[in-house]
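Report on the following structure.
Keep in mind it's a predicted model, so treat the numbers as computed, not measured. In what follows, chains carry the letters A, B, and so on, assigned in the order in which the sequence lines appear, proteins first and then strands, with residues in each chain numbered from 1.
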Amino acid sequence: MKIKVKFFASMRQLFQTREREVDLPEGACFRHLLDLLCDSAERREGLFDKETKLNPNLVFLRNGQPIQSFGGLEARLEEGDVVAIFPLLGGG
Amino acid sequence: MDKSSQLPGGYHGRILEVDLSKGRIKSLPLNPEDLALYLGGRGLGIRLFYDRVDPACDPFDPENALVIATSPLIGTNAPTAGRGHMVFKSPLTGGLGSSNCGGTWAPAFKATGYDVLIIQGKASEPVFLDITEEKVEIKSATDLWGLDVHQTTEILTSQDSPPHSRVLCIGPAGERRIRFASVMSDRNRAYGRGGAGAVWGSKNLKAIRVAGRAKIHIHDKDQYQSGAEQAYYLLKQAPATKRLLKELGTLGLIELINLIEMLPHRNFQDNTHRDEDVEKISGEFLAKQFLIRAGGCYLCPIACQRHTRVNQKRGEGPEYETTVMLGPVCDIYDLEAITLANYACNELGLDTISFGGTLACAMELFERGILTEKDTEGFDLRFGQAQVLISLVYRTAFRQGIGDLLAEGSFRFASAFSHPEFSMTIKKQEIPGYEPRASYTQALGYMTSPTGACHLKGGYAVSLAFFGGPKEIPRFSLLQSPLAIRNMHNLGIIQDTLGICRFTGFAFSTDPWARMVSGVTGLDFSTVELERLANRVATLERLFNLEAGFGPEDDTLPKRFSLEPIIVAGEERVISQDLIRQLRSDYYRARGWDEAGRPPLRLLESLGLRKR
Ligand code: SF4
């Protein structure tokens with residue numbers, strides 16, 4: 001299944017792109033997606049906290065909703081999902 | 001024990017009281033009991049204001065007061081501790097006006113040897129206040145009247161002024177009593193919301209210049225230092241406060257807000273934008289096209305200010321709210337036009353949020369044929385007309401033509417055309433750049449903000465739903481929203497009372513502040529005490545608003561939000577009237593107020609809150 005990933009702010013430098021489409025097997029979950037994206041130690045350190053948890057300084061959205069509300073790393077993804085990765089930024 | 005030995009650390013212990021009608025200047029002692037209960041800034045400000053001003057007075061009556069209060073942290077080296085707080089009765093809402101501002105003016109004022117400035121009365125001709133440690137004078141400002149904010153600041157800080165002078169002033173908008181005129185500090189920082197500038201104008205007060213070197217005494221340096229060091233350390237840890245706000249400014253947020261479907265559009269008619277359009281008004285785009293450098297307020301390592309240049313013109317901004325209100329809310333995605341309009345608002349002294357909201361309302365009335373080119377002097381006010389922005393800023397600030405009515409804010413504007421339902425306001429103040437239908441917490445925060453719709457007084461709810469990490473509050477939780485918003489309001493009150501910036505909250509909460517302020521003053525301001533103080537201040541602000549005539553029917557949203565659904569998270573969403581009632585009464589209960597939003601006597605007693 002095809003998943004679109006959008007990167008914002010500092011994530012664009014980390015992943016050298018604004019947007020990427022990835023192909024994942026049916027039934028894949030959010031962890032599989034991140035494993036696929038993190039093809040270097042630097043990227044892995046960027047997205048994870050101590051290798052196992054999501055970096056709390058990032059906002060991960062699946063179709064505009066925080067990934068935590070779908071079960072975090074274990075969230076099941078579906079064909080056509082749009083995932084966005086954002087550094088936690090302040091705003092006024 | 002004499003009075004002075006009772007004075008906690010961090011204060012000079014003096015109020016400077018100026019009566020412009022009588023030309024009288026007095027120095028009054030601060031009451032130590034008020035300091036223990038209300039601390040400073042927003043808390044002390046409302047206490048002193050409530051004691052002096054009849055809530056039913058006309059905002060333009062000389063009786064209305066301007067109370068500018070500092071905190072005991074101002075004068076220390078605590079991060080961002082340079083913010084002043086102004087309390088007044090708002091000519092926009094008819095209720096509490098309470099506005100906070102960074103820059104360098106508040107520390108300079110405190111260095112003149114006073115903690116609080118109270119101004120009442122009305123001068124017979126334009127004046128400015130000149131305050132130093134040696135003397136305080138009311139001086140003629142007839143030469144300054146009519147000048148813009150930058151010109152006024154330039155003249156008052158020129159060579160023959162005292163060294164290190166800092167200036168707070170109004171521009172032509174305040175002079176003409178535009179109901180959302182701002183008071184500007186250091187040229188481009190604003191006491192933005194609620195129309196403080198119009199109250200200055202009504203008093204013939206053009207500017208306040210301050211310069212001094214008075215120092216404060218810190219009661220327990222070690223305790224203070226441990227809090228301050230931790231605060232600076234944490235600010236260097238969290239990515240937002242360490243570098244992201246410096247790199248992208250608050251506008252760095254706009255693409256996220258669009259993704260979560262909270263970015264308003266066309267006077268809040270919908271929340272859909274093309275991603276390419278939002279990119280053109282993003283923090284990254286601003287950084288690439290117009291940014292010269294980031295800047296910070298007094299003692300601020302976060303540095304979210306944008307010093308920018310468009311063609312040959314230099315200025316500051318835009319930040320998130322300004323961009324959204326002058327931009328997508330008016331269906332405009334032209335960052336150059338937005339930035340130039342922002343510069344003009346700063347120079348003329350206009351609140352960008354209320355201006356943008358009022359213009360969007362006019363645009364909707366125009367598209368509906370309620371307003372015609374006859375009313376607009378030929379201006380094409382359809383949505384998306386970026387070229388009208390700057391002219392209408394000027395016409396509004398000078399009350400020319402259609403600007404004379406825009407100057408009244410969107411509620412009075414739309415009412416003049418018999419359609420107040422197109423004014424997106426709460427308590428007559430324009431709703432800022434987060435869509436209330438996209439989050440119960442956001443909707444409730446706006447509804448119950450004591451100053452009318454406001455992202456700061458109302459609670460920065462988006463951070464609860466999306467930046468909350470493990471403590472995340474779901475955006476559509478009826479159960480959790482009221483308590484979450486009460487806590488958020490309280491945090492805001494604590495920050496405004498301490499005179500520090502909201503954005504420190506991205507790195508840490510109240511604990512380091514509790515140590516700093518307890519260390520400075522020698523009083524017990526534990527996190528529990530600060531929370532109690534916040535409850536006390538919120539209730540006192542409520543009392544003022546009740547006496548000014550507000551009731552539960554004012555703690556609501558415009559009809560649009562309950563009648564016209566938008567799609568959020570795949571579902572049609574409104575904030576129905578039932579929901580409004582329920583959220584509101586749960587909030588009242590969380591505050592200990594009764595069904596009508598009135599604080600019962602026993603609550604006042606338990607909070608140690610005296611009425612007048
Ligand atoms: S974060 Fe921005 S608004 Fe806050 S004190 Fe620093 S520069 Fe001023």
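Residue B:Asn258 does not touch chain A at all, counting heavy-atom pairs closer than 4.5 Å. Only the side chain of B:Glu279 comes within contact range of chain A, with at least one heavy atom under 4.5 Å from a heavy atom of that chain. Proximity to chain A (any heavy atom under 4.5 Å) is shown, for B:Arg502, by neither the backbone nor the side chain.
For CD of A:Glu42, the number of neighbouring non-hydrogen atoms (other residues, nucleotides, ligands) closer than 6.0 Å is 12 at most. Within 6.0 Å of NZ on B:Lys236 lie more than 12 heavy atoms contributed by other residues, nucleotides or ligands. Atom NZ of B:Lys280 has more than 12 heavy atoms from other residues, nucleotides or ligands within 6.0 Å. Other residues, nucleotides and ligands contribute over 12 non-hydrogen atoms within 6.0 Å of the CG atom of B:Leu478. For CZ of A:Arg44, the number of neighbouring non-hydrogen atoms (other residues, nucleotides, ligands) closer than 6.0 Å is greater than 12.
Distance OG/A:Ser10 to CZ/B:Arg243: 5.0 Å, rounded to 0.5 Å. Interatomic distance, CG of B:Leu256 versus NZ of A:Lys6, reported as 12.0 Å (0.5 Å rounding). Considering CG of A:Asn63 and CD1 of B:Ile260, their distance stands at 14.0 Å, rounded to 0.5 Å. The CG atom of B:Leu259 sits 11.0 Å away from atom CD of A:Gln65, with the distance rounded to the nearest 0.5 Å. For the atom pair B:Ile254 CD1 and A:Phe8 CZ, the distance stands at 12.0 Å (nearest 0.5 Å).
With respect to the salt-bridge test (charged N to carboxylate O, under 4.0 angstrom), the residues A:Arg12 and B:Glu255 qualify.
The shortest non-hydrogen separation linking B:Arg475 to A:Gly64 is NH1-O, 3.6 Å.
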